[in-house]
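Contents: one structure, followed by commentary.
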Amino acid sequence: MKFLLLLCSCLVLLFACNQQATIEGNVATNPKDTIPCPSGSSKLDIAKIEQITGMRGAEKNGEYKITVPQNDLNIIVDGFKIIPPMGLGSWAAFTVCGDSAMVMGDIIVTENDLKPVQQEVISRGFTITAIHNHFVRNQPNVMYMHIDGKGKVEDLSVGVKGIFDKVKKSRGKDPKASPADSVVNTLNTAMLDSIIGQKGEMSKGVYKHTIGRPDVALREHGIPVSTFMGFNTWAAWQGTPEKAAVAGDFTMLENEVAPVIKALIENGIEVVAVHNHMVHEKPRVFFLHYWGIGNAEKIAIGLKEALNQTGAKMKH
């Protein structure tokens, strides 16, 4: 009898273990946060996006991004004017998923915009994946709201238009309709390129380096996220060789966060935010915003030291 009881207990335990292994296997192969992208047209209908949103964007490698410069915001940080190329542009980017699409975006909101815009985002069926700052000591105060949506291109386009329209209604004006401003830049850009190891682009007096992470195959909901979709490290410069300002963003794997922060702070560059942009991304990634003022060459050397703490250091 004891033998039979022992045998039954073993069989029950074995069955339970097998059931658990099956459950875990199913979770691993069919995670709830993965969006299937069956074979379909695999091409965005850009004409439809433009028709519905009423906005023109830029296409790259089959992806499409609409950017709205926030020309109406007069933001000053430590005596430097922050203009759209310095990180003051809202955007929404579309990437294909079979016959559907995924949208990721970053919407700049003032304190008065925050409530009505986030209500609009939710009512349009999008999710909010982050709300955070890029600057400190800035007036007026602005925040950055990251959004995420999946579905038919037509529905996503209607949603994106509704979100941007809500910003206009809240502000009482179209942010992009105000005249574009520019800033002074007498920096030695060739020197900056040499130190950073990446060639930048000039826009309205802001010189910007954008560095991708080809070493990381990032996916959100199982869908690839490219540099164009916001997975990048960047540095935007203005000012003079003796008194420059740089604002930017580092993208980091979890084991890169501490060494990047250490390198920036030890080089006199202020870390102003550490946060996520996505929720269901794999592998896990973090984003860091920084602000630096001073001798341009010294700042660039500090940024390069921080960049060397990431896998992006070897691939540009």
Side-chain angles (χ1 to χ4, degrees), residues 67-91 105-118 121 128-147 163-164 166-168 170-185 187 203-210 230 232-240 242-251 260-261 264-265 267-277 286-296 299 302-303 306:
T67 302
V68 180
Q70 306 293 287
N71 294 330
D72 63 317
L73 298 178
N74 183 28
I75 297 178
I76 305 294
V77 179
D78 296 335
F80 289 91
K81 183 172 178 60
I82 306 301
I83 64 174
M86 203 78 179
L88 201 63
S90 296
W91 57 270
D106 193 2
I107 312 300
I108 298 173
V109 293
T110 66
E111 293 177 346
N112 292 331
D113 302 335
L114 179 62
K115 184 176 181 179
V117 173
Q118 64 184 200
V121 170
I128 296 171
T129 57
I131 300 175
H132 56 78
N133 63 295
H134 278 203
F135 304 98
V136 292
R137 299 180 298 280
N138 56 294
Q139 292 297 328
N141 186 32
V142 291
M143 289 162 284
Y144 292 70
M145 184 187 303
H146 288 264
I147 62 171
I163 292 166
F164 283 128
K166 182 61 70 171
V167 173
K168 289 192 288 187
S170 177
R171 302 249 186 100
K173 63 181 74 173
D174 184 348
K176 68 178 182 295
S178 299
D181 209 344
S182 60
V183 295
V184 172
N185 192 326
L187 296 170
S203 176
K204 302 293 183 181
V206 172
Y207 192 66
K208 185 174 182 179
H209 295 100
T210 302
N232 56 71
T233 292
W234 57 270
W237 302 82
Q238 62 169 286
T240 67
E242 297 76 26
K243 189 175 181 181
V246 64
D249 195 357
F250 266 83
T251 182
V260 168
I261 292 175
L264 290 171
I265 292 175
N267 282 279
I269 300 169
E270 190 174 11
V271 175
V272 298
V274 181
H275 51 76
N276 62 294
H277 283 185
F286 295 85
F287 293 80
L288 173 156
H289 284 275
Y290 62 87
W291 172 254
I293 299 175
N295 179 276
I299 294 174
L303 285 180

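Counting from 1, the numbers follow the sequence of the chain as shown. What you are looking at is a predicted structure, and each value in this text was computed from that prediction instead of being measured.
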Open item on the list: Can a donor-acceptor pair be found, under 3.5 Å and without considering hydrogens, that links the side chain of Thr233 to the backbone of Thr251?
Closed with: yes
- [ ] Please tell me if the side chains of Met86 and Lys208 come closer than 4.5 Å, counting only heavy atoms from C-beta onward.
- [x] no
Open item on the list: If I compare all heavy atoms of Val142 with all of Asn138, which pair ends up nearest, and what's the gap?
Closed with: N-ND2, 3.4 Å
Open item on the list: With heavy-atom distances below 4.5 Å as the criterion, would you say the side chains of Phe250 and Ile261 are in contact?
Closed with: no
Open item on the list: Tell me the closest heavy-atom pair linking Ala235 and Tyr290, and the distance in Å.
Closed with: CB-OH, 3.1 Å
Task: OH on Tyr144 to CG on Asn133, rounded to 0.5 Å - done: 9.0 Å
- [ ] Kindly assign one of parallel, tilted or perpendicular to the pair Trp91 and His146, based on the angle between their ring planes and the thresholds 30° and 60°.
- [x] perpendicular
TODO: For Asp78, enumerate each residue passing the side-chain hydrogen bond (donor to acceptor under 3.5 Å, both in side chains) test, keeping only those at least two apart in sequence or located in another chain.
DONE: Arg137, Trp291
Open item on the list: Quick one: does any side-chain atom of Asn276 pair with a main-chain N or O of Thr129 as donor and acceptor, under 3.5 Å?
Closed with: yes
Task: Shortest non-hydrogen contact from Asp249 toward Leu288 - done: OD1-O, 2.9 Å
Open item on the list: Just verifying a value: how many Å separate Asn74 CG and Gln139 CD, rounded to the nearest 0.5 Å?
Closed with: 11.5 Å
Open item on the list: If we check side chain to side chain contact (heavy atoms under 4.5 Å, CB included) with Ser90, which of these qualifies: Lys176, Gln70, Met145?
Closed with: Gln70
Task: Option among Lys173, Lys168, Arg171 that satisfies the salt bridge (Lys or Arg N to Asp or Glu O under 4.0 Å) test with Asp72 - done: Arg171
- [ ] Only counting residues at least two apart or in another chain, list the ones meeting salt bridge (Lys or Arg N to Asp or Glu O under 4.0 Å) with Asp106.
- [x] none
- [ ] Carefully, step by step, assess Phe135 and Ile75 under the rule side chain to side chain contact (heavy atoms under 4.5 Å, CB included).
- [x] CA-CA 10 Å; Phe135 304 98; Ile75 297 178; 5.5 Å; no
- [ ] Using atom types as modelled and distance alone, determine if a side-chain donor or acceptor of Asp113 lies under 3.5 Å from a backbone N or O of Lys115.
- [x] no
- [ ] Rounded to the nearest 0.5 Å, what's the gap from CD1 on Ile108 to CG on Leu88? Could you check?
- [x] 4.5 Å
Open item on the list: What I'd like to find out is whether the side chain of Leu303 reaches to under 4.5 Å of the side chain of Trp237, using heavy atoms alone.
Closed with: yes
Open item on the list: Give me the atom names and distance for the closest heavy-atom approach of Asn71 to Pro84.
Closed with: OD1-CG, 3.3 Å
Task: Taking every non-hydrogen atom, the tightest pair across Val117 and Ile107 - done: CG1-CG2, 4.4 Å
Open item on the list: On a heavy-atom basis, which atom in Lys81 and which in Asp181 lie closest, and how many Å separate them?
Closed with: CE-OD2, 2.7 Å
Open item on the list: Working to the nearest 0.5 angstrom, can you tell me the gap between Asn267 CG and Ile269 CD1?
Closed with: 5.5 Å
Open item on the list: Is any side-chain heavy atom of Ile131 closer than 4.5 Å to one of Gln118?
Closed with: yes
Task: Results of ring-ring contact (aromatic ring centres under 6.0 Å, His included) for Tyr207 - residues two or more places apart only - done: His209
Open item on the list: Is the ring pair Trp234/His289 parallel, tilted or perpendicular, if the boundaries are 30 and 60 degrees?
Closed with: perpendicular
TODO: Answer yes or no: is there a donor N or O on one side and an acceptor on the other, between the side chain of Thr240 and the main chain of Lys243, under 3.5 Å?
DONE: yes
